[in-house]
Amino acid sequence: MDSWRAAARRATAARNPCHSVSRPNTDPTEVHLSNVVIRSARFTAPILLALGTMNAGAAQRTEDYGCLSTALCLCVCAAGLFGEDLLQRGYRRDRAVLAHVAGHPGAKTRHVARAVGAPERVVARNLDRLTDDGLLVLVTDGATPALRSYRLAS
């Protein structure tokens with residue numbers, strides 16, 4: 001019976017890229033999106049914005065208020081997707097910074113920035129936020145943020 005359920009889960013995962021088999025979902029409100037879905041959302045916002053702009057142009061020429069309301073809805077949806085992508089990008093960087101510090105206790109801001117591939121100022125903000133949240137501990141308080149080192153909180 002268990003092998004039948006495992007085969008059904010694999011078949012469902014193959015058909016639905018949003019479904020994650022590798023992570024058990026204990027919270028019914030929690031959703032795990034695959035990288036393919038996240039990347040496709042990055043392309044959806046500009047497409048919606050372009051469609052909304054074209055629709056607004058058509059509405060202006062024909063004086064069609066239904067077309068204009070559709071254009072406004074498309075533009076608002078595109079703005080929401082842009083904002084969500086920016087928010088998720090910050091969360092992804094926080095996770096990458098946290099993972100690097102977990103693997104390299106005592107890592108300095110400059111080394112974390114090089115490993116993550118982000119500017120030192122941005123990584124310093126991430127490290128400060130993670131320290132304020134209690135996930136990281138400041139090991140050495142250097143004169144500049146680039147010389148500080150961090151480790152996971154116990």
Side-chain angles (χ1 to χ4, degrees), residues 5-104 107-136 138 144-150 152-153:
R5 286 185 182 151
R9 283 189 199 120
R10 285 192 299 273
T12 302
R15 285 191 310 267
N16 186 0
C18 294
H19 182 72
S20 175
V21 175
S22 61
R23 296 182 207 150
N25 193 355
T26 57
D27 184 10
T29 60
E30 184 177 349
V31 176
H32 296 285
L33 297 176
S34 68
N35 286 336
V36 174
V37 173
I38 290 171
R39 275 190 237 114
S40 69
R42 288 185 191 151
F43 298 119
T44 305
I47 291 170
L48 284 177
L49 188 62
L51 285 173
T53 305
M54 289 187 318
N55 228 1
Q60 185 179 7
R61 281 191 302 274
T62 61
E63 296 180 8
D64 182 9
Y65 295 112
C67 190
L68 182 63
S69 65
T70 303
L72 289 174
C73 289
L74 286 171
C75 289
V76 167
C77 289
L81 284 174
F82 276 126
E84 182 67 21
D85 185 46
L86 288 174
L87 182 67
Q88 291 299 323
R89 189 176 303 156
Y91 289 149
R92 286 190 297 271
R93 189 176 300 115
D94 277 351
R95 286 193 308 260
V97 166
L98 191 60
H100 182 77
V101 172
H104 303 89
K108 296 190 180 341
T109 306
R110 182 169 291 148
H111 299 125
V112 175
R114 274 194 218 124
V116 174
E120 285 184 33
R121 287 189 324 240
V122 173
V123 171
R125 281 195 305 260
N126 290 55
L127 288 166
D128 287 340
R129 185 172 41 251
L130 292 169
T131 302
D132 292 342
D133 290 344
L135 297 171
L136 295 179
L138 186 63
T144 63
L147 298 177
R148 295 180 186 162
S149 61
Y150 296 86
L152 286 179

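The side-chain contact (heavy atoms from CB on, under 4.5 Å) check on Arg125 picks up Val122, with sequence neighbours excluded. Listed by chain and residue number, nothing satisfies the ring-ring contact (aromatic ring centres under 6.0 Å, His included) test with His111 (two or more places apart in sequence, or in another chain).
Atom CZ of Phe82 sits about 5.5 Å away from atom CG of Leu49, to the nearest 0.5 Å. Taking CG of Asp64 as the reference point, atom CG of Asn55 lies at 8.5 Å (rounded to 0.5 Å). Taking CG of Asp128 as the start and CG of Leu138 as the end, the distance is 8.5 Å to the nearest 0.5 Å. One finds the CZ atom of Arg148 at 9.5 Å from the CG atom of Leu127 (value rounded to the nearest 0.5 Å). To the nearest 0.5 Å, atoms CG (Leu152) and CG (Leu136) are separated by 6.0 Å. Atom CZ of Arg110 is separated from atom OG of Ser149 by 13.0 Å, given to the nearest 0.5 angstrom.
Nearest approach of Arg93 to Val116, heavy atoms of both residues: CG-CG1, 4.1 Å. In this structure, Ala78 and Ala45 approach most closely via the heavy-atom pair CB-O, 3.4 Å. When all heavy atoms are compared, the tightest approach of Ala58 to Cys67 is CB-SG, 4.3 Å. Nearest approach of Gly66 to Ser69, heavy atoms of both residues: O-OG, 2.8 Å. When all heavy atoms of Cys75 and Thr53 are compared, the closest pair comes out as SG-N, 4.3 Å.
Taking a 6.0 Å sphere around CZ of Arg121, one finds it holds 12 or fewer heavy atoms contributed by other residues, nucleotides or ligands.
Using a 4.5 Å cut-off on side-chain heavy atoms (C-beta onward), Arg95 and Leu98 make no contact.
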